[in-house]
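Because only heavy atoms are used, hydrogens play no part in the values below, and waters and symmetry mates are left out as well, while side chains stay in. Here is how names work: the chains are called A, B, and so on, in the same order as the sequence lines, proteins then strands, and each is numbered from 1.
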Protein chains: 2
Amino acid sequence: MTHPERTPPAPVEINDDTLRGFVGYHIKRAFNVIQDDLTATLKPFGLRMLTHTALILIVDNPGLSQSQLAAAMDIERSNLVVIIDELEGRELIIRDRVPNDRRAYALKATLTGRRLCEKAVAACTDHEARIFAGLDTSTRDTLLKVLSSVRNSQNS
Amino acid sequence: MTHPERTPPAPVEINDDTLRGFVGYHIKRAFNVIQDDLTATLKPFGLRMLTHTALILIVDNPGLSQSQLAAAMDIERSNLVVIIDELEGRELIIRDRVPNDRRAYALKATLTGRRLCEKAVAACTDHEARIFAGLDTSTRDTLLKVLSSVRNSQNS
DNA sequence: TATTGTTATACTCTATAACTATA
DNA sequence: TATAGTTATAGAGTATAACAATA
């Protein structure tokens, strides 16, 4: 028994009913968990979410330009520079030249880059299996449909 | 018809199949859309996601401490200070004193704070109706169940 | 004129360590 | 000793403006 007069601020139940009424709140909280686990998953490969995403897109789309990649990742071209610098510095990709446009770079993954990417993607697949353990195919489809409709509601 | 020899880097379809194989990728992209719309929704009230969340929790839990609030929001106590400073500076909340513990503050919303919160929450409700327009109750329940299970998978 | 990549800059969110005053 | 709040600081992610080279 603790001293009644010393009882701390009371382990009060915090009421977050208002917040839990918003779907976006649940999405944010869930995404935080996913992001933390994914960050830890990618760390052994020396990758972050952004560098990993960029590397995947370069591996899967050899020759694409920084502008195209920035558009695909939905980030500013200027913010992509340091990401590409980092991948290039580790010799995971190269900045090749586009034949008919001397302004643009043709981004290509090196063999090292492709191999690292493959391993990191495999780790991400494990990460997803861990996070979405009890997710059956039908529920997964429903989830993806909702998320896509949200993403497509952007300009409406 | 454009000049064949001048055809730009080709409006190539970027292949993002690998990324779209990850549920987390869809969640991130959807959340970006939600966040952008929510930020714009809160701007007229001079609130950001974090200040709005803090204000709601203070309105709904009068007297809670900064430590309790930080725990509820899952952010560091140190990062909460500027948030509370901002809300207090706008006289939306006050830092009252906890009776039996002179270390802690008892956070309470002012009348102004409660009124602003009410309006902002109403705007957020509209925002959610806009974003999740075609979401029936059953699908919504499924979505929330999945998100909760992700959040609860934190320490497993 | 417009586009590609770049630099500089600033703002927000996040994480850690160290301090003070209280307990 | 441990806890509440605070300060300082650093690392990321993001957004805008302006520039050189090229189209």
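Listed in residue order, the members of residues 36-58 of chain A having a heavy atom less than 4.0 Å from DNA chain D are A:R48, A:L50.
One can place CD of A:E76 at 17 Å from P of C:dC11, the figure rounded to the nearest angstrom. Nucleotide C:dG5 holds its P atom 14 Å from the CG atom of A:N79, rounded to whole Å. Distance B:I83 CD1 to D:dT6 C1': 14 Å, rounded to the nearest Å. A:D85 places its CG atom 12 Å from the P atom of C:dA8, with the value rounded to the nearest Å. The distance between atom CG of B:N32 and atom P of C:dC13, rounded to the nearest whole Å, is 14 Å. Distance, B:Q35 CD to C:dT14 C1': 13 Å, rounded to whole Å. To the nearest angstrom, P of D:dG5 lies 7 Å from CG of B:L107. The interatomic distance linking B:Y105 (OH) with C:dA23 (P) rounds to 13 Å, in whole Å.
Judged by distance alone with a 3.5 Å cut-off, no donor-acceptor contact links the side chain of B:R102 to the base of C:dT22. Judged by atom type and distance alone, A:R77 does not reach the base of C:dT4 through any side-chain donor-acceptor pair under 3.5 Å. With hydrogens and angles ignored, no donor-acceptor pair closer than 3.5 Å exists between the side chain of B:D101 and the base of D:dA4.
For the atom pair B:K145 NZ and A:T139 OG1, the distance stands at 8.0 Å (nearest 0.5 Å). To the nearest 0.5 angstrom, B:T39 atom OG1 is 11.0 Å from B:L47 atom CG. Atoms CD1 and CG, on B:I84 and B:L55 in that order, are 9.0 Å from each other to the nearest 0.5 Å. Between A:L116 atom CG and A:L92 atom CG the span is 5.5 Å, to the nearest 0.5 Å.
For the side-chain contact (heavy atoms from CB on, under 4.5 Å) test, residues two or more places apart in sequence or in another chain that qualify with B:L57 are A:I14, A:D16, A:L19, B:T53, B:N61, B:L69, B:A72, B:M73. Here B:D60 pairs with nothing under the salt bridge (charged side-chain N to carboxylate O under 4.0 Å, His left out) rule; sequence neighbours left out. In this view, B:E128 and A:F22, A:V23, B:F132 satisfy the side-chain contact (heavy atoms from CB on, under 4.5 Å) rule, not counting sequence neighbours.
Between D:dA23, D:dG5, C:dG5, one nucleotide has an atom nearer to the side chain of A:R103 than all others, and that is D:dA23.
Backbone-only engagement by B:R95 is indicated by non-hydrogen atom pairs under 4.0 Å involving sugar-phosphate atoms exclusively. Within the nucleic acid shown, A:Q66 comes within 4.0 Å of sugar-phosphate atoms alone, with no base atom in reach, counting heavy atoms only.
Between B:S67 and A:V82, it is B:S67 whose nearest contact on DNA chain D lies nearer the 5' terminus.
Comparing the local axis fitted to the first five base pairs of the helix from C:dT1-D:dA23 to C:dA23-D:dT1 with the one fitted to its last five gives a bend of 10°, rounded to 10°.
Within the structure, side chain to side chain donor-acceptor pair (under 3.5 Å) pairs that include any residue of residues 87-97 of chain A comprise A:Q66-A:R95, A:D85-A:R95, A:E88-A:R95, A:D96-A:K108, A:R97-A:Y105 (at least two apart or interchain).
Residues B:I34 and B:H127 have side chains in contact (heavy-atom distance under 4.5 Å, counting atoms from C-beta outward). Residues A:L80 and A:S67 have side chains not in contact (no heavy-atom distance under 4.5 Å, counting atoms from C-beta outward).
The phosphate of C:dT6 (OP1 or OP2) has no side-chain N or O of A:S78 nearer than 4.0 angstrom.
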